Amino acid sequence: MPAHDFVSPDSIRAQFSAAMSLMYKQEVPLYGTLLELVSEINQQVLADQPKVAEALRWTGEIERLDQERHGAIRVGTAEELATIARLFAVMGMAPVGYYDLSSAGVPVHSTAFRAVHEQSLHVSPFRVFTSLLRLELIDNLPLRELAQGILAKRQIFTARALELIAQSERDGGLNAADADEFVREALHTFRWHQDATVTAEQYQQLHDQHRLIADVVAFKGPHINHLTPRTLDIDAIQLGMPAKGIPPKAVVEGPPTRRHPILLRQTSFKALQEKVAFSDHQGSHTARFGEIEQRGAALTPKGRQLYDKLLDATRAALGGAPVEANAERYMALLQESFAEFPDDLAQMREQGLAYFRYFATEQGLAAREQADRPTRLEDLIAAGHVHFEALVYEDFLPVSAAGIFQSNLGDEGQAEYGSNANREAFEAALGLQVQDELALYAQSERRSLQACAQALNLGSM
Ligand code: OOG
Ligand code: NI
């Protein structure tokens with residue numbers, strides 16, 4: 001079949017993301033309520049803060065905002081992870097970044113599957129935070145074997161999904177009809193299954209070891225455990241949630257409120273109690289929750305170091321991780337610590353703290369044939385020939401992710417695994433190397449500079 005009959009992976013991803021959202025709305029009705037709140041607040045921000053709206057128009061994010069969301073799944077075996085990677089590849093999603101959550105008492109390590117090029121991200125920024133259970137960290141041997149035995153017996157992909165993945169790999173893509181079918185078939189992997197694969201007693205054993213283990217092992221598949229829309233004002237969301245009957249977690253994860261947001265701020269609401277049919281009798285399980293995020297500037301290694309330092313300082317001043325009882329103090333300390341991080345795009349750029357996108361302005365384009373026009377980037381910016389906006393952060397934050405895991409798994413009785421980062425083992429399971437997110441931002445920034453230079457008829461800038 002000629003290549004032009006293939007649907008672009010970007011549009012398969014957009015289609016899949018929309019289908020996932022529709023499915024999750026049916027499975028978790030509160031997610032639908034949350035979407036309404038997010039849409040109200042986003043419209044309000046766009047109406048009340050013309051500068052924010054203008055920045056989003058420059059970068060094109062305004063067009064992706066309504067369909068922007070991330071999900072999360074947890075898989076049980078190397079084989080499941082490797083096949084999930086092939087499934088996501090059909091939709092143009094690659095593993096980016098390595099996250100070790102074991103140091104935070106969660107026996108998993110993770111990556112984010114997402115599009116990597118800014119043009120693809122513009123079509124659909126859909127991401128899936130994907131965690132692999134680490135049974136090797138469980139020292140209860142009989143339980144580890146029980147879990148391995150149960151996982152070895154399940155097949156989380158439909159036969160047709162596997163065929164279509166192989167077909168896409170062989171032919172280099174899928175046509176429209178096959179892409180539609182692929183989306184329908186792939187969706188089954190992420191569905192909630194009321195039927196457990198274990199007895200109530202086995203569930204209890206797994207659960208007593210760690211709630212996360214029960215969540216991964218006891219079910220037929222890696223149900224999507226949350227789907228997160230992007231808001232332009234997470235403080236307004238946090239305040240507005242209770243009135244909509246959505247109880248938020250006490251602390252917003254990530255950096256504090258700023259005029260120019262950086263990285264990622266997140267809040268979530270508690271998991272639902274769901275009925276489960278164990279192989280012997282009825283019970284319940286809490287798995288799924290809701291989450292909201294606000295995205296800001298992607299930071300350079302230098303900016304990220306400053307972020308990590310200030311976050312650590314805040315936690316040290318608090319005397320540990322924030323919990324409900326000290327939430328207010330934590331948020332105040334956070335604001336205080338981050339006074340050191342300039343809240344001004346020009347300063348962030350001059351100090352090399354964030355990545356940026358550059359655009360040729362009307363004025364710059366009008367002057368492109370003039371002999372005496374500026375040619376150096378700094379001069380072009382000063383003359384108004386080049387405009388810049390922060391590059392949006394497309395990834396996740398390990399400390400925040402741990403906070404999200406914990407608030408939904410329950411704070412009580414967290415296990416200690418020490419720090420067990422093992423990227424090589426994760427990549428071996430994945431069958432691929434994870435991409436370096438910082439390199440991706442740097443490439444994206446460089447491409448925007450090149451495009452600018454070309455538009456302004458300059459060799460380089
Ligand atoms: C993933 C938690 C991490 C985020 O947004 O940081 C996450 C999980 O609970 O499986 O989704
Ligand atoms: Ni999340």
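Counting starts at 1 for both ligands and their atoms, in listed order. On a predicted model such as this, the values are computed, not experimentally measured, just so you know.
- Checking Leu65, Val45, Asn42 one by one against Thr231, the side-chain contact (heavy atoms from CB on, under 4.5 Å) holds for a single residue, Asn42.
- For ligand 1 and Phe396, the ligand atoms under 4.0 Å from any heavy atom of the residue are 4 (C), 5 (O), 6 (O).
- Every atom of ligand 1 with a heavy atom of Glu291 under 4.0 Å away is listed here by number and element: 4 (C), 5 (O).
- None of the N, O or S atoms belonging to Glu293 lies under 2.8 Å away from the Ni ion (ligand 2).
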Set out, in order, the CA-CA distance, both residues' side-chain angles and the distance that settles side chain to side chain contact (heavy atoms under 4.5 Å, CB included) for Leu56 and Leu232, then state yes or no.
CA-CA 10 Å; Leu56 293 169; Leu232 298 174; 3.7 Å; yes

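- Residues His122 and His117 place their aromatic rings such that the two centres sit no closer than 6.0 Å.
- Centred on the Ni ion (ligand 2), the angle running from Glu291 (OE1) to His226 (NE2) is recorded as 90°, rounding to 10°.
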List the steps and the verdict of side chain to side chain contact (heavy atoms under 4.5 Å, CB included) for Ile404 and Phe129.
CA-CA 12 Å; Ile404 298 286; Phe129 192 89; over 6 Å; no

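- The Ni ion (ligand 2) lies closest to atom NE2 when only the N/O/S atoms of His70 are considered.
- Looking only at protein heavy atoms, the nearest one to atom 3 (C) of ligand 1 is Ala401 CB, 3.6 Å.
- Ring to ring, Tyr307 and Phe338 are close: their centroids are under 6.0 angstrom apart.
- Heavy-atom contacts of His226 reach the following atoms of ligand 1: 1 (C), 7 (C), 11 (O) (cutoff under 4.0 Å).
- In terms of polar-atom proximity, Asn225 is counted as a contact of ligand 1, with an N or O under 3.5 Å from an N or O of the ligand.
- For ligand 1, the atoms sitting less than 4.0 Å from at least one non-hydrogen atom of Phe405 are 1 (C), 2 (C), 8 (C), 9 (O), 10 (O), numbered in the order shown with element in parentheses.
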After noting the C-alpha distance and the side-chain angles of Tyr203 and Asp280, does the key distance pass the side-chain hydrogen bond (donor to acceptor under 3.5 Å, both in side chains) rule?
CA-CA 11 Å; Tyr203 173 86; Asp280 44 0; over 6 Å; no

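- The shortest contact between atom 10 (O) of ligand 1 and any protein heavy atom is with Arg74 NE, 2.8 Å.
- In this structure, the protein non-hydrogen atom closest to atom 5 (O) of ligand 1 is Gln266 NE2, 2.7 Å.
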Worked verdict on Arg69 versus Thr228 for side chain to side chain contact (heavy atoms under 4.5 Å, CB included)
CA-CA 5 Å; Arg69 59 186 73 94; Thr228 303; 5.7 Å; no

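- At least one heavy atom of His70 sits less than 4.0 Å from an atom of ligand 1.
- In this structure, the side chain of Glu27 engages the main chain of Trp192 through a donor-acceptor pair within 3.5 Å.
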